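Since this is a predicted model, take the numbers as computed values, not measurements. Throughout, protein chains are lettered first and strands after them, A, B, ... in sequence-line order, and every chain is numbered starting at 1.
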Protein chains: 2
Amino acid sequence: MLAVVLRITEPVPSVLLWQRARDPHRGRWALPGGRLGPDEDVEASVRRHLAEKVDLAEVAHVEQLGVFSDPHRGPPPRRIATAFLGLVPTDADPTVPDDTAWHRVDRLPETAFDHGAITRDGLDRLRAKLSYTNIGFALAPDAFTVSELRDLYAAALGHRVSATNLQRVLTRRGVLVPTGETAAPGPAGGRPAAVFRFSEHGLRVTDPFAALRPPGEPAAETHPAPTRPGS
Amino acid sequence: MLAVVLRITEPVPSVLLWQRARDPHRGRWALPGGRLGPDEDVEASVRRHLAEKVDLAEVAHVEQLGVFSDPHRGPPPRRIATAFLGLVPTDADPTVPDDTAWHRVDRLPETAFDHGAITRDGLDRLRAKLSYTNIGFALAPDAFTVSELRDLYAAALGHRVSATNLQRVLTRRGVLVPTGETAAPGPAGGRPAAVFRFSEHGLRVTDPFAALRPPGEPAAETHPAPTRPGS
DNA sequence: TCAAAAGTGTTGCGCCTACACCCATGA
DNA sequence: TCATGGGTGTAGGCGCAACACTTTTGA
């Protein structure tokens, strides 16, 4: 059980790592994790081990990444790891143990075993899901402006993102809802920004693939239909 | 290690199952698989175990599905299974051992443990990937007409598919190439159909998601650009 | 000449990008 | 009033679904 726990720290995401105090790979940085217990499934196990490093309430989403089982992925004894992706919103700044720290994914220290490659797999998964799911709910604070959200997406994806189009894509999909409030402008002035929230806090596919859908269905209903037409 | 090996048998896909001769769950049907060996990774292991049931050369694609680890997914001792999806083209009709048979996924017999649920996961994965990858190469024979391919897709997806649009989608993506040959018409006559092949026999994402791409890139290059403009 | 099956032309729609333009604030 | 940042309007393009129409065969 290993977890790639990511949190967006602009301009680049960071991953939670702890420094090994013992051989093998003493001094190198490793992903949090541990052994599977006798009466838990892998999801419960990874949550239990994560609780030693961060406040679990701050981990907004967890999902399986895959199994890493190359017999030579580390020194003997042979270990098989089921890797997970965990996401922490930016407004939670967990206190972590002394041996544990956030590391920018573009400046990873020397990692233990194959944990560098697993981290890259986790980041790839996050980037893919940002495009076709509402997974941003697990990165963003409870309420935010579109500019703030754009910066989060840009940091996660590694390229610039247009606030204009981000807002339209996410509202069209029913992912974002306005709170009705506005944020105070910065010291340089400017129009106050509208404040939004994610409409749901569970993972949902918002962009089902266009091709090869069943005939006669115009497009999947990606968000609840309005109760009254015109309301 | 367990494998959901699927093969399209119109009008519905079938999955490879073997009948348990011993308790627990004697007489029920189970997915092929077995224990991980000391010096192999899970991919190698699932291939090794599959070789006991089918000719491995006929399994055109294998990928990880996920880990199933509910402590109560079966009677003690507790077992953790890494599940895989395997695909066999229709032109390969493997001979299988006496205890082993193909079963239509809409008429599964009583399955052992949670193997029914795992089978459904495998089918869901196949259906999703048919929409945005070239995974059809692992279902179709080496050469085929568009009508034959449409029937394969329709069986796999569980709904009707338009041959017209299937051809256009797959050729636009560079997935299908014409061999230049034509198939003989049926006894009722009709225009002879052009014969196609999949351009590649490795998995490739052909429909990267439209939203939130880097700015300035019109659309991902999904197939090799023509060597000379206009040719 | 007709039925059957394959393949192409064309229209319409939805989603996305890009960019021009308008709005609301602090100085 | 101007600079600054937020938000909307709109045009263009692309991919896909649907369906009419043409092509090529056997009887």
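With rounding to whole Å, A/D207 atom CG is found 10 Å from C/dC16 atom C1'. Across the protein-nucleic acid pair, A/F144 atom CZ and D/dG7 atom P stand 12 Å apart, rounded to whole Å. The distance between atom CD of A/Q167 and atom P of C/dC16, rounded to the nearest whole Å, is 14 Å. Atom NE2 in B/H159 sits about 11 Å away from atom P in D/dA18, given to the nearest Å. In this structure, CZ of B/R150 is placed 10 Å from P of C/dA5, rounded to the nearest angstrom. Atom P of nucleotide C/dC16 and atom CG of A/L130 are separated by 15 Å, given to the nearest angstrom. Going from atom CZ of B/R160 over to atom C1' of D/dA18 covers 12 Å, rounded to whole Å. Between the CG atom of B/L166 and the C1' atom of C/dG7 there is a distance of 13 Å, given to the nearest Å.
The side chain of B/S162 places no N or O atom within less than 4.0 Å of a non-bridging phosphate oxygen (OP1 or OP2) of D/dA17. Of the side-chain N and O atoms in A/R173, one or more sit less than 4.0 angstrom from OP1 or OP2 of C/dC16.
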So which protein N/O to nucleotides 9-11 of chain D N/O distances come out below 3.5 Å?
from: D/dG9; atom 1: N7; to: A/R168; atom 2: NH1; distance (Å): 3.2
from: D/dG9; atom 1: O6; to: A/R168; atom 2: NH2; distance (Å): 2.5
from: D/dT10; atom 1: O4; to: A/R168; atom 2: NH2; distance (Å): 3.2

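Between B/F198 and B/F144, the two ring planes are tilted [angle within 30° to 60°].
A donor-acceptor contact shorter than 3.5 Å links the side chain of B/R127 to the backbone of B/A156. A donor-acceptor distance shorter than 3.5 angstrom exists from the side chain of B/H115 to the backbone of B/L31, with no hydrogens or angles considered. A/S14 places no side-chain N or O within donor-acceptor distance of the main-chain N or O of A/T9, the cut-off being under 3.5 Å. Formation of a donor-acceptor pair under 3.5 Å by the A/Q64 side chain with backbone atoms of B/V67 is found in this model. A donor-acceptor pair under 3.5 Å is formed between the side chain of B/N134 and the backbone N or O of B/G202.
Position along DNA chain C of the nearest nucleotide to B/A193 versus A/G186 favours B/A193 as the more 5'-ward residue. Each of B/A188 and B/F196 lies near DNA chain C, and the nucleotide nearest B/A188 is the one positioned closer to the 5' end. Sequence order on DNA chain D of the closest nucleotides to A/S147 and B/R191 puts A/S147 first from the 5' end.
Between A/R7 and A/E58, no side-chain nitrogen of the basic residue sits less than 4.0 Å from a carboxylate oxygen of the acidic one, so the salt-bridge criterion is not met.
Taking the side chain of B/V169 as heavy atoms from C-beta on, and the options C/dA5, D/dT24, D/dC16, the nearest nucleotide is D/dC16.
Under the salt bridge (charged side-chain N to carboxylate O under 4.0 Å, His left out) criterion, no residue pair touches residues 176-190 of chain B, with sequence neighbours excluded.
Tested against A/F196, the residues A/T179, A/V146, A/V175 include a single side-chain contact (heavy atoms from CB on, under 4.5 Å) partner, A/V146.
Contacts with DNA chain C (heavy atom under 4.0 Å) in residues 178-185 of chain A: A/P185, listed by number.
If you take CG on B/L2 and CG on B/L85, they are separated by 13.0 Å, rounding to the nearest 0.5 Å.
As judged by a 4.0 angstrom heavy-atom cut-off over every strand, B/A163 is placed among residues making no nucleic acid contact.
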